Chemist: 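Next up is a structure, given as structure tokens.
Every heavy atom of this structure was used, including side-chain atoms; hydrogens, water molecules and symmetry mates were not. Since the model is a prediction, treat every value here as computed from it, not as a measurement.
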Amino acid sequence: MTEDRTAQAARGSEVPEGGGGEEERLRRWRMVLGGGPADGTGYVPAGNDAAMDKALAALYGRGEGKDGRLKAGAERGAGLGGSAPSVARWLGDIRTYFPSSVVQVMQRDAIDRLGLAALLLEPEMLEAVEADVHLVGTLLSLNKAMPEETKETARAVVRKVVEELEKRLASRTRTTLTGALDRSARISRPRHHDIDWNRTIAANLRHYLPEYRTIVPERLIGYGRASQAVKKEVVLCVDQSGSMAASVVYASVFGAVLASMRSLATRLVVFDTAVVDLTDKLEDPVDVLFGTQLGGGTDINRALAYCQSRITRPADTVVVLISDLYEGGIKDEMLKRVAAMKAAGVQFVTLLALSDEGAPSYDREHAAALAALGAPAFACTPDLFPDVMAAALEKGTIPIPEGAAA
């Protein structure tokens, strides 16, 4: 039994209405334990349970190979082997018996445990999988090895995921940042409906008249009205090492959304030991993603040097470094560069991850050093990203989730 199998069996084996009884408890334990001499439940799966058990055993069953190593899929003769048809059938089975969220986890486990990444190079396999952010990351890592006949299918899979992410994230991002940009452009003679009453009252407290219990404002502070002019510049500097795959996907989508806003000038830079500026591809995040190369080393200092050289209005610029901070370059130079940008007026934020999974591994020493410079370093979910950007654009307090900071 493995923890993975326990989780998938528990999620896929639902308790009937009314909670079931002793037989239902035995059934669930059998689906979790996977059978064998140590099972002890006496329950024999049948029908859908048998099919679900077979699908779980193919991935999470364990046995010993000739070399003495544990092999996935060896128990009770189960397994996926290297056959594309058998894998395609298995993918169809798990989509039948498990919810979509579980299917995505099982697909990821199959790629990691059974080495099925190579099979994703076949168009028929790509059409059978459940597309998600992690699958996109795997496809991007295989990009250079992908034959021409597969690339069109792979782009279709990636586009589907990107469109779903844009549908989920774009509207709120634009609304949140438009409000932040308007608030950041204060005017001194606003129209009535443009008055920022909170700031106006705070600025005129000394003009309070006790006898009338009111404030007579001598100076009005208002929101700036929307204009076509560029108000702020944003630089997304994204680590494309293999561990950052999900972050690269989300950063590409957000980069395209930000680039669509006329009042923002957005630059997207990806890096490993080399630096690539993908700003000219921001109209299509799929082109951005296929312009990345997941894997390789990391040179944050070189990437920040490039970004720093492209900043023309430091006081109106936000730099977002998205990296786990495992630096292969010159650490002291990297920190001096961040300090110099901060001193020039740049708003600098470090996201240890931009994904739903948080930051399982990052360089804590570098994160603490950046935080000490006033450049907060924390893991950020895609849903929180618009609020983080809004606060950075307004030069306000960054909303750092509890427990997410370095």
Chemist: Applying side-chain contact (heavy atoms from CB on, under 4.5 Å), run through Phe348 and Leu321 and close with a yes or a no.
Modeler: CA-CA 8 Å; Phe348 196 99; Leu321 171 64; 3.9 Å; yes
Chemist: Are side-chain heavy atoms of Lys331 and Glu365 found at a separation under 4.5 Å?
Modeler: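 Lys331 vs Glu365: side chains touch.
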Chemist: Return yes when atom CZ of Arg302 has more than 12 non-hydrogen atoms of other residues, nucleotides or ligands closer than 6.0 Å, and no otherwise.
Modeler: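 No - once you tally the heavy atoms of other residues, nucleotides and ligands closer than 6.0 Å, there are 12 at most.
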Chemist: Working note: Ile330 + Met334, criterion side-chain contact (heavy atoms from CB on, under 4.5 Å); need CA distance, chi angles, decisive distance, verdict.
Modeler: CA-CA 6 Å; Ile330 307 171; Met334 175 189 78; over 6 Å; no
Chemist: For Ala340 and Gln308, work out which heavy atoms get closest and say how close.
Modeler: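 The answer is CB-NE2, 3.9 Å.
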Chemist: Is it true that Arg310 and Glu233 have a side-chain N and a carboxylate O under 4.0 angstrom from each other?
Modeler: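 The answer is no: the pair does not qualify as a salt bridge.
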Chemist: Quick check for you: to the nearest 0.5 Å, what is the distance between Leu282 atom CG and Phe254 atom CZ?
Modeler: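 Those atoms lie 14.0 Å apart.
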Chemist: Taking the side chain as everything from C-beta on, heavy atoms only, tell me whether Thr350 gets closer than 4.5 Å to Ser323.
Modeler: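 Side chain of Thr350 against side chain of Ser323, heavy atoms only: no contact under 4.5 Å found.
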Chemist: Is there a donor-acceptor pair under 3.5 Å between the side chain of Lys232 and the backbone N or O of Glu394?
Modeler: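 Side chain of Lys232 to backbone of Glu394, a donor-acceptor pair under 3.5 Å: no, none is there.
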Chemist: Could you walk me through whether Tyr326 and Ser361 pass side chain to side chain donor-acceptor pair (under 3.5 Å), step by step?
Modeler: CA-CA 9 Å; Tyr326 286 112; Ser361 176; 2.7 Å; yes
Chemist: Which pair of non-hydrogen atoms, one from Ala154 and one from Leu139, has the smallest distance, and what is that distance?
Modeler: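 Result for this residue pair: O-CD1, 4.3 Å.
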Chemist: In terms of side-chain geometry, is the basic nitrogen of Asp316 or Lys231 positioned less than 4.0 Å from the acidic oxygen of its partner?
Modeler: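 No, this pair does not count.
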Chemist: Please identify each residue that fulfils ring pair (Phe, Tyr, Trp, His ring centres under 6.0 Å) with Tyr250, with sequence neighbours left out.
Modeler: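 In terms of ring pair (Phe, Tyr, Trp, His ring centres under 6.0 Å), with neighbours along the sequence ignored, Tyr250 is linked to no residue.
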Chemist: Is the closest side-chain heavy-atom distance between Ile311 and Val346 below 4.5 Å?
Modeler: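 Result yes, sub-4.5 Å side-chain heavy-atom pair found.
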Chemist: Which residue in the set Asp299, Thr298, Leu304 passes side-chain contact (heavy atoms from CB on, under 4.5 Å) when paired with Asn301?
Modeler: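 Exactly one option meets the side-chain contact (heavy atoms from CB on, under 4.5 Å) with Asn301, and it is Asp299.
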Chemist: List the residues meeting side-chain hydrogen bond (donor to acceptor under 3.5 Å, both in side chains) with Thr214, not counting sequence neighbours, and say none if there are none.
Modeler: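 With sequence neighbours excluded, Thr214 shows a side-chain hydrogen bond (donor to acceptor under 3.5 Å, both in side chains) to no residue whatsoever.
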Chemist: Begin with the C-alpha distance, continue with both residues' side-chain angles, and end with the deciding distance and a verdict on side-chain contact (heavy atoms from CB on, under 4.5 Å) for Leu236 and Val234.
Modeler: CA-CA 6 Å; Leu236 300 179; Val234 175; 4.0 Å; yes
Chemist: Between Val249 and Gly137, which heavy-atom pair has the shortest distance, and what is it?
Modeler: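 Heavy-atom minimum between the residues: CG2-N, 4.5 Å.
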Chemist: Given 3.5 Å as the limit, does a donor-acceptor pair link the side chain of Thr178 with the main chain of Thr175, or not?
Modeler: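 Absent.
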Chemist: Taking the side chain as C-beta and beyond, is there a heavy-atom pair between Val235 and Val318 under 4.5 Å?
Modeler: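 Of all side-chain heavy-atom pairs linking Val318 with Val235, none is under 4.5 Å.
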Chemist: Is it the case that more than 12 heavy atoms not belonging to Lys336 sit under 6.0 Å from its NZ atom?
Modeler: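 No, NZ of Lys336 has 12 or fewer neighbouring heavy atoms, counting only those of other groups under 6.0 Å.
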Chemist: Charged N to carboxylate O below 4.0 Å: is that the case for Arg155 and Asp287?
Modeler: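 A salt bridge is present here (some side-chain N lies under 4.0 Å from a carboxylate O).
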Chemist: Say you draw a straight line from CG of Leu268 to OG1 of Thr292; how long is it, rounded to the nearest 0.5 Å?
Modeler: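 Here the rounded value is 9.5 Å.
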Chemist: Please report the closest heavy-atom contact between Ala246 and His134, naming both atoms and the distance.
Modeler: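 Looking at all heavy atoms of both residues, the shortest contact is CB-CE1, 4.4 Å.
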Chemist: Report, as yes or no, whether the 6.0 Å neighbourhood of atom CD1 on Ile201 holds more than 12 heavy atoms from other residues, nucleotides or ligands.
Modeler: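 Counting neighbours around CD1 of Ile201, more than 12 heavy atoms of other residues, nucleotides or ligands fall under 6.0 Å, so yes.
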Chemist: Could you tell me whether Arg364 sits above the aromatic face of Tyr362, with NZ or CZ closer than 6.0 angstrom to the six-membered ring centre and within 45 degrees of the axis?
Modeler: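 Judged by the rule (NZ or CZ under 6.0 Å from the ring centre, within 45° of its axis), Arg364 counts as positioned above Tyr362.
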Chemist: Indicate the atoms forming the closest heavy-atom contact of Leu289 with Val158, along with that distance.
Modeler: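 Closest heavy-atom pair between Leu289 and Val158: CD1-CG1, 3.8 Å.
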Chemist: Is there a side-chain contact between Asp324 and Leu352 (heavy atoms, below 4.5 Å)?
Modeler: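 Not in contact.
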Chemist: Is the shortest heavy-atom distance from the side chain of Leu177 to the side chain of Thr173 under 4.5 Å?
Modeler: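 Yes, side chains in contact.
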Chemist: Can you find a pair of side-chain heavy atoms, one from Val269 and one from Leu278, that are under 4.5 Å apart?
Modeler: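 Not in contact.
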Chemist: For the residue pair Pro376 and Ile398, what are the closest heavy atoms and their distance?
Modeler: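 Closest pair (atom of Pro376, atom of Ile398, distance): CG-CG1, 4.2 Å.
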Chemist: Please step through side chain to side chain donor-acceptor pair (under 3.5 Å) for the pair Asp272 and Gln240, ending with a clear verdict.
Modeler: CA-CA 6 Å; Asp272 41 38; Gln240 61 176 351; 3.2 Å; yes
Chemist: Taking only Lys NZ, Arg NE, NH1 and NH2, and the carboxylate oxygens of Asp or Glu, determine whether Glu164 and Lys167 approach each other closer than 4.0 Å.
Modeler: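 So Glu164 does not pair with Lys167 through a salt bridge.
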Chemist: Is there side-chain contact between Val319 and Gln347, with heavy atoms separated by less than 4.5 Å?
Modeler: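 No, side chains not in contact.
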Chemist: Which residue in the set Glu283, Arg174, Glu166 passes side-chain hydrogen bond (donor to acceptor under 3.5 Å, both in side chains) when paired with Ser260?
Modeler: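 Going through the options one by one, the only one that passes is Arg174.
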Chemist: I'd like a table of donor-acceptor pairs (distance under 3.5 Å, sequence neighbours excluded) in which one partner is a side-chain atom from residues 382-391, with atom names and distances.
Modeler:
from	atom 1	to	atom 2	distance (Å)
Asp383	OD1	Arg168	NH2	3.4
Asp387	OD1	Arg172	NH2	3.1
Asp387	OD2	Arg172	NH2	2.6

Chemist: How many angstroms lie between CG in Asp332 and CD in Glu327, if you round to the nearest 0.5 Å?
Modeler: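 Output value for this atom pair is 10.5 Å.
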